[in-house]
Amino acid sequence: LNANQRLILGEISVSKNENITQILSKINKEDKVPLSTLKLNTNILKNLGLVTFGTNSHFQAANLTELGHEILFILRGEENE
């Protein structure tokens, strides 16, 4: 996973009932990553089965899947080595 994908996973893991748009807007403002880049990487994460989120017409809080939690756990372990 690239740095932006790791950043998105981390933000989703600490979000509290936020939709994906809110999370990506926060990353965009704090880390100055273009929204288009974040959206592309979020769709990649969803296609890999690491995250779930709703659509414009159907609200669903963004969440990590079980696999997403496991991957994030492994990545955080690597960062601490």
Side-chain angles (χ1 to χ4, degrees):
L1 299 178
N2 67 35
N4 290 322
Q5 292 163 347
R6 293 190 302 270
L7 183 62
I8 293 164
L9 285 179
E11 285 296 324
I12 291 174
S13 74
V14 298
S15 70
K16 303 290 185 215
N17 201 35
E18 293 178 290
N19 67 30
I20 197 65
T21 302
Q22 293 167 313
I23 293 167
L24 297 183
S25 293
K26 180 180 176 185
I27 295 169
N28 170 256
K29 289 177 184 158
E30 292 177 0
D31 296 288
K32 306 297 186 222
V33 179
L35 273 175
S36 59
T37 299
L38 294 171
K39 289 178 184 180
L40 172 67
N41 283 286
T42 301
N43 284 323
I44 291 169
L45 293 172
K46 187 173 188 177
N47 290 337
L48 290 172
L50 303 180
V51 299
T52 61
F53 54 89
T55 63
N56 288 340
S57 60
H58 175 69
F59 175 82
Q60 177 186 344
N63 290 296
L64 297 181
T65 63
E66 184 176 333
L67 180 59
H69 281 287
E70 292 175 18
I71 296 292
L72 186 60
F73 178 78
I74 292 167
L75 291 172
R76 286 184 172 164
E78 289 177 357
E79 290 173 0
N80 293 331
E81 291 181 355

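These numbers come from the heavy atoms of this one structure, side chains and all, not from hydrogens, waters or symmetry mates. Only a predicted model underlies this, so the values are computations on that prediction, with no experimental measurement involved.
- Atoms CG and NZ, from Leu24 and Lys26 in turn, are 11.5 Å apart once rounded to the nearest 0.5 Å.
- Atom-to-atom distance recorded for Ile23:CD1 and Ser15:OG is 3.5 Å, nearest 0.5 angstrom.
- Judged by distance alone, the side chain of Asn63 and the main-chain N or O of Thr52 form no donor-acceptor pair under 3.5 Å.
- Arg76 approaches Ser13 most closely through the heavy-atom pair NH2-OG, 3.3 Å.
- Between Ile12 and Ile20, the closest side-chain pair of non-hydrogen atoms falls below 4.5 Å.
- The side-chain heavy atoms of Val33 and Asn28, taken from C-beta on, include no pair separated by under 4.5 Å.
- Annotation for Leu35 and Ser25: closest pair CD2-N, 4.2 Å, computed over non-hydrogen atoms.
- Between the side chain of Glu11 and the backbone N or O of Ile8, no donor-acceptor pair lies under 3.5 Å.
- Listed for the Thr42 side chain is a donor-acceptor partner under 3.5 Å among the backbone atoms of Leu38.
- Exactly one residue among Leu40, Thr65, Leu1 makes a side chain to side chain contact (heavy atoms under 4.5 Å, CB included) with Leu45. That residue is Leu1.
- Using a 4.5 Å heavy-atom cutoff, the side chains of Phe73 and Ile71 are not in contact.
- Listed for the Gln5 side chain is a donor-acceptor partner under 3.5 Å among the backbone atoms of Asn2.
- For the pair Asn19 and Phe59, the tightest heavy-atom approach, listed with the atom from each and the gap, is CB-CE1, 3.5 Å.
- Here the CD-CG distance, from Glu30 to Leu7, works out to 9.0 Å after rounding to the nearest 0.5 Å.
- The minimum heavy-atom distance linking Gln22 with Asn17 is given by the pair OE1-O, 4.4 Å.
- If you take CG on Asn4 and CG on Leu9, they are separated by 11.0 Å, rounding to the nearest 0.5 Å.
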